[in-house]
Amino acid sequence: MEKIISYIDSNKDKYVEELKEFLKIPSVSTNPENREDVRKCAEFVKSELKAIGLENIKIYETPGHPIVYGDWLKAGEDKPTILIYGHYDVQPVDPLNLWTNPPFEPTIRNGNIYARGSADDKGQVFIHMKSIQAHMVNNGSLPVNIKFLIEGEEEIGSVNLDNFISSNKELLKCDNVVVSDSAMFDYDVPSICYGLRGLAYMQVEVTGPNRDLHSGSFGGAVNNPINALAHIIAKLKDDKGKILIDGFYDDVLPLTEKEREEFKKLPFDEKKYKEGLEINELFGEEGYSTLERASARPTLDCNGIWGGFQGEGAKTILPSKAGAKISMRLVPNQEPEKIEKLFTDFVNKIAPASVKVKVTSLHGGKGAITPIDSPAIDAAVEALRKGFGKVPLFTREGGSIPVVNTFQTLLEADTILLGFGLPDENAHSPDEHLNLSNFQRGILSIAHYLNELSKIKK
Ligand code: BES
Ligand code: ZN
């Protein structure tokens, strides 16, 4: 490992320059205008997998964006096979005016690299590529068998991935999956994530009169779709943060006393958390701590809302239409399809007859809990200890990576979630960035991890 460690150290600036090329590609999966850029990004991943020495590299077409695969299976049958999963697509960049530098012109400031996708997830995918390359260059081989699966639709719910996995079970067969698409608990606090939430994402469209109306002539006599929508949204949750949809909590597994004790042990600084967000008070479901609310309890949030006049000044209308995008984070055991139905039924039930309401489901995914008592987890603890000089903590996170559940069910493989982002690196928001010291220590940790995994007896 000595040679590999010093190789990684002496190449750190080069890695950053190479990462910039990856970050320059605007692979926004939800935006039809970026379709060709997303493809270009898949090509970039393909050429990178080739450059680091993988074999059987192939771009698999899907009805949406392509999936990139590559492997290296010469470590021997007595060595574990590890599937590394990540995504090369990114979230939209709006509001663009809040970026200090343009989102696809990577810039280094204060030891961070700023660009859309730097933390989520291109920078973290790159960590894996570079640690593999470090093994290849120095040893001409890898200590374990490796399969790489990098998709382009994670940010839009991995809509074609389950299908791909179920038709390619043999290709993807592995002992464990490793994913770096989450965050460390804090700077200098490496962590292994063992729980992710699921998601049900809905759209509600409300239509009133067949055209915008003069609010003086019609106001008071015709229901206003924005007002009606606001009433509907207000009835979804009470003012203490409890969700009011009938049956919503039926399948939620209560947190055990032991889990709650573990949450209390985490070094969470609530004052710093509030200060970082410039809010005076936190808000959430009664009876739960902030960490529990943000990772182990279900939620309901409006992501966007529209309708009526949005320009400068005042325009007196009663609009014809209004709409909202509403997502619910789910905890393991809650089924997205069931929640979608409960949501739709509830909204239809409370909607006034004076407007038409259309509810659609945009996408969803299941949550996951992964076991923390396995040789692959012990190896991860050791690798992070060597990479960061600290023993990692076990955490649950509130975000979703729906394929982790699919890996459990279709490949019968547990996923090890080793995140190298930080909670305040602005994933999905303007000025997304990745700490370069974590990028560097991530490469080192994964290089150690491959080595530690090779010690596991099959
Ligand atoms: N990297 C995130 C998932 C994540 C976020 C894990 C925070 C842990 C903490 C991932 O790229 C993501 O954003 N996923 C989407 C999934 C959704 C579209 C189904 C999410 O969570 O919104
Ligand atoms: Zn994301």
Side-chain angles (χ1 to χ4, degrees), residues 23 27-31 64-65 85-93 103 115-128 150-162 177-186 190-203 291 293-296 298-304 325-332 334-337 339-340 361-370 393-406 415-430 432-434 438 442:
L23 295 174
S27 50
V28 183
S29 49
T30 196
N31 195 348
H65 300 302
Y85 162 84
H87 62 97
Y88 67 82
D89 65 321
V90 300
Q91 285 272 328
V93 296
R116 173 57 89 230
S118 50
D120 183 8
D121 178 36
K122 290 174 177 174
Q124 302 208 54
V125 166
F126 219 62
I127 284 175
H128 285 270
I150 311 294
E151 72 153 321
E153 297 189 311
E154 197 274 348
E155 299 291 6
I156 49 173
S158 300
V159 272
N160 294 296
L161 191 59
D162 282 13
V177 184
V178 177
V179 178
S180 297
D181 188 23
S182 53
M184 307 180 10
F185 191 76
D186 203 346
S191 27
I192 298 174
C193 174
Y194 70 93
L196 291 165
R197 288 194 287 202
L199 187 72
Y201 201 119
M202 312 297 290
Q203 178 154 316
L291 286 180
R293 288 169 178 170
S295 64
T299 68
L300 183 147
D301 280 293
C302 266
N303 299 258
K325 297 198 189 264
I326 301 172
S327 66
M328 290 159 283
R329 294 282 168 182
L330 311 177
V331 293
Q334 278 183 304
E335 292 287 330
E337 293 80 21
I339 296 294
E340 284 161 13
S361 152
L362 298 186
H363 61 62
K366 289 182 187 159
I369 294 282
T370 59
L393 300 179
F394 287 95
T395 61
R396 279 175 76 158
E397 290 210 62
S400 311
I401 309 176
V403 72
V404 171
N405 193 290
T406 312
T415 298
I416 320 297
L417 294 153
L418 301 179
F420 298 108
L422 288 173
D424 60 358
E425 285 183 332
N426 293 349
H428 296 204
S429 153
E432 177 179 350
H433 56 279
L434 177 69
N438 289 341

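Order of appearance sets the numbers: ligands from 1, and atoms from 1 within every ligand.
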Would you check if [X] and [Y] make a side-chain contact, meaning some heavy-atom pair closer than 4.5 Å?
X: N31; Y: P92; value: no
X: V90; Y: S27; value: yes
X: T406; Y: K366; value: no
X: Y85; Y: D121; value: no

- [ ] Please state whether the separation between the Zn ion (ligand 2) and some N/O/S atom of D120 is under 2.8 Å?
- [x]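 Yes.
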Task: Donor + acceptor pair across side chains of D120, Q91 (<3.5 Å) - done: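 Result is no, nothing qualifies.
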TODO: Please check if any side-chain donor atom of T30 sits under 3.5 Å from a side-chain acceptor atom of E155, or the reverse.
DONE: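 No - no donor-acceptor pair under 3.5 Å links their side chains.
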Task: Apex the Zn ion (ligand 2); atoms E155 OE2 and H428 NE2; angle rounded to 10 degrees - done: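 Nearest ten degrees: 110°.
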For [atom], which of the options [options] provides the nearest non-hydrogen atom?
atom: atom 8 (C) of ligand 1; options: E397, R329, H363; answer: E397
atom: atom 2 (C) of ligand 1; options: L196, D181, L362; answer: D181
atom: atom 12 (C) of ligand 1; options: E154, Q91, H87; answer: E154

With heavy atoms of [X] as the reference, note each atom of ligand 1 found under 4.0 Å away.
X: L199; answer: 17 (C), 19 (C)
X: P402; answer: 19 (C)
X: S182; answer: 6 (C), 8 (C)

- [ ] May I have the step-by-step check of side-chain contact (heavy atoms from CB on, under 4.5 Å) for L417 and E397, ending in yes or no?
- [x] CA-CA 10 Å; L417 294 153; E397 290 210 62; over 6 Å; no
Open item on the list: Return the closest protein heavy atom for atom 3 (C) of ligand 1 as residue, atom name and distance.
Closed with: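 Here the nearest protein heavy atom works out to S400 O, 3.5 Å.
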- [ ] Please report which non-hydrogen protein atom sits nearest to atom 7 (C) of ligand 1, along with the residue it belongs to and the distance in Å to one decimal place.
- [x]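 Closest protein heavy atom to atom 7 (C) of ligand 1: G399 CA, 3.8 Å.
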